[in-house]
Number of protein chains: 2
Amino acid sequence: MLPADALLLHIGHYIRISEPLRAALLERVQAASYHKGELLHDARHVCTRSDFIQQGLVRLYYLLDGEKITEYFSAEGEWVNSPSSLVKQTPDIYYLEALEPTQTLSLQAQDLGYLFDIFPEMERYARLSMGSVFGHLMDRVTSLRFTSAREKYAHFCRTHHDILHRLPLGMVASYLGITQETLSRIRAER
Amino acid sequence: MLPADALLLHIGHYIRISEPLRAALLERVQAASYHKGELLHDARHVCTRSDFIQQGLVRLYYLLDGEKITEYFSAEGEWVNSPSSLVKQTPDIYYLEALEPTQTLSLQAQDLGYLFDIFPEMERYARLSMGSVFGHLMDRVTSLRFTSAREKYAHFCRTHHDILHRLPLGMVASYLGITQETLSRIRAER
DNA sequence: TCAACTCTTTGACTTAGATCAAATAATCAC
DNA sequence: GTGATTATTTGATCTAAGTCAAAGAGTTGA
């Protein structure tokens, strides 16, 4: 059996996992691992699966004038995928990159579809867990407007305390929408 | 019967509406109307329903140092509610204000819960329609970072072409995270 | 219809943070 | 380990947009 405890815990946080659902999940989930710098997903392809991070760190980024702009970070116990590409099954602009050696459990889009069809509670899980990410995204919009670079960084430290020391400064800067130089100066203030 | 065509169309865009679901929806939906400036939801209370806008224009805002900061606008054919308050059933910081005389069809939280329990396809509808809003929110985050005030306004014009002329400039400015004066100068350029 | 708001524009000045450039420091591949 | 990348810091400007202030326009209600 796969060591899928963290995944079951995540799902179990939102819904009760029946035995058939548990079995169906464990049967379909696939383990994979990526070395540092490897892409879990490439903008030139359709996103065909969702990856649950068992161990490691991943970022979503896109290219703007050749620059890699970080859209978000995900670590242990979180799902990563390229949302619009996965839902619409068309390519979009995002890349998923492992920032550390990363182990994942993944579900293919077709398996996800099967689980949604057979287990309505999986629909609920998806709705509720997406709602939670949605809330964070709203907070982020709030923090991007009307706040100084200093406040943006302070907010990031509060919300990403656990992974802060694992991230290169330049990626944090692009996530916050400020330059590397400015972030370096802000950090030096302490 | 209530003139719920737009609502059924919205739902029907994501799922097939069975006759029992259709009946259950029409039975539970309640019409309401609000005059300009009236609050559909007040931060001091728990958000107990979701409102589908039949006609009119609504904004979500919160207070920051006494200033009303606009978080988003919604018009005909869209749902409005205070997401985190509705889901968690605890108060949060947001107000919903009618910017025009507004007619809505609303569903109480308990009725929503009932529909989710009895009709799994409603879970799917909620998941998929939230996914679509989620995508727009991601685009907005992108547009808030690394773009000049000019570009933010241009992006807003593209994405909110239909309601642009119905919105006071100050509210658009706070939505974009720029000052009223700056937005006024940008508009004057044309 | 007129007074009292509220909303929008315009002007002068200030500043946070961007840009450009170069020097360190850290990491990686061989 | 050592040279080559890559990441971070520091410094000197520059500029977009904020702040403060006041004048015009538009609305609204008695």
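In what follows, chains are A, B, ... by sequence order, proteins preceding strands, each numbered from 1. Heavy-atom basis, side chains included; hydrogens, waters and symmetry copies ignored.
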Query - Any N/O donor-acceptor pair, B/Arg185 side-chain to C/dG11 base, under 3.5 Å - result: yes

Query - Rounded interatomic separation in angstrom, taking CE from B/Met171 and C1' from C/dT8 - result: 14 Å

Query raised in the report: DNA chain D: A/Leu167 or B/Arg150, which has the more 5' nearest nucleotide?
Result: A/Leu167

Report task. Check whether any side-chain heavy atom of A/Met171 lies under 4.5 Å from a side-chain heavy atom of A/Phe73, and answer yes or no. Result -> yes

Report task. Describe the nucleic acid contact of B/Arg187 in one word from base, sugar-phosphate, nothing, applying a heavy-atom distance below 4.0 Å. Result -> sugar-phosphate

Report summary line: Here the distance between atom P of C/dT9 and atom CG of B/Leu183, to the nearest Å, is 8 Å

Query raised in the report: What does the inter-axis angle of the helix from C/dT1-D/dA30 to C/dC30-D/dG1 come out as, five pairs per end, nearest 10 degrees?
Result: 60°

Report task. Figure out the CZ/P separation between A/Arg145 and D/dG18, and round it to whole Å. Result -> 13 Å

Report summary line: Separation of D/dA17 atom C1' from B/Leu144 atom CG, nearest Å, is 15 Å

**Report entry** B/Arg59 charged N/C atom sitting above B/Tyr175 aromatic ring, 6.0 Å / 45°
**Finding:** no

**Report entry** A/Tyr72 six-ring face occupied by A/Arg140 cation (under 6.0 Å, within 45°)
**Finding:** no

Query - Touch class at under 4.0 angstrom, heavy-atom based, for A/Lys152 against every strand present - result: nothing

Report task. Given side-chain contact (heavy atoms from CB on, under 4.5 Å), test A/Leu7 with A/Trp79 step by step and report yes or no. Result -> CA-CA 9 Å; A/Leu7 173 58; A/Trp79 286 101; 3.4 Å; yes

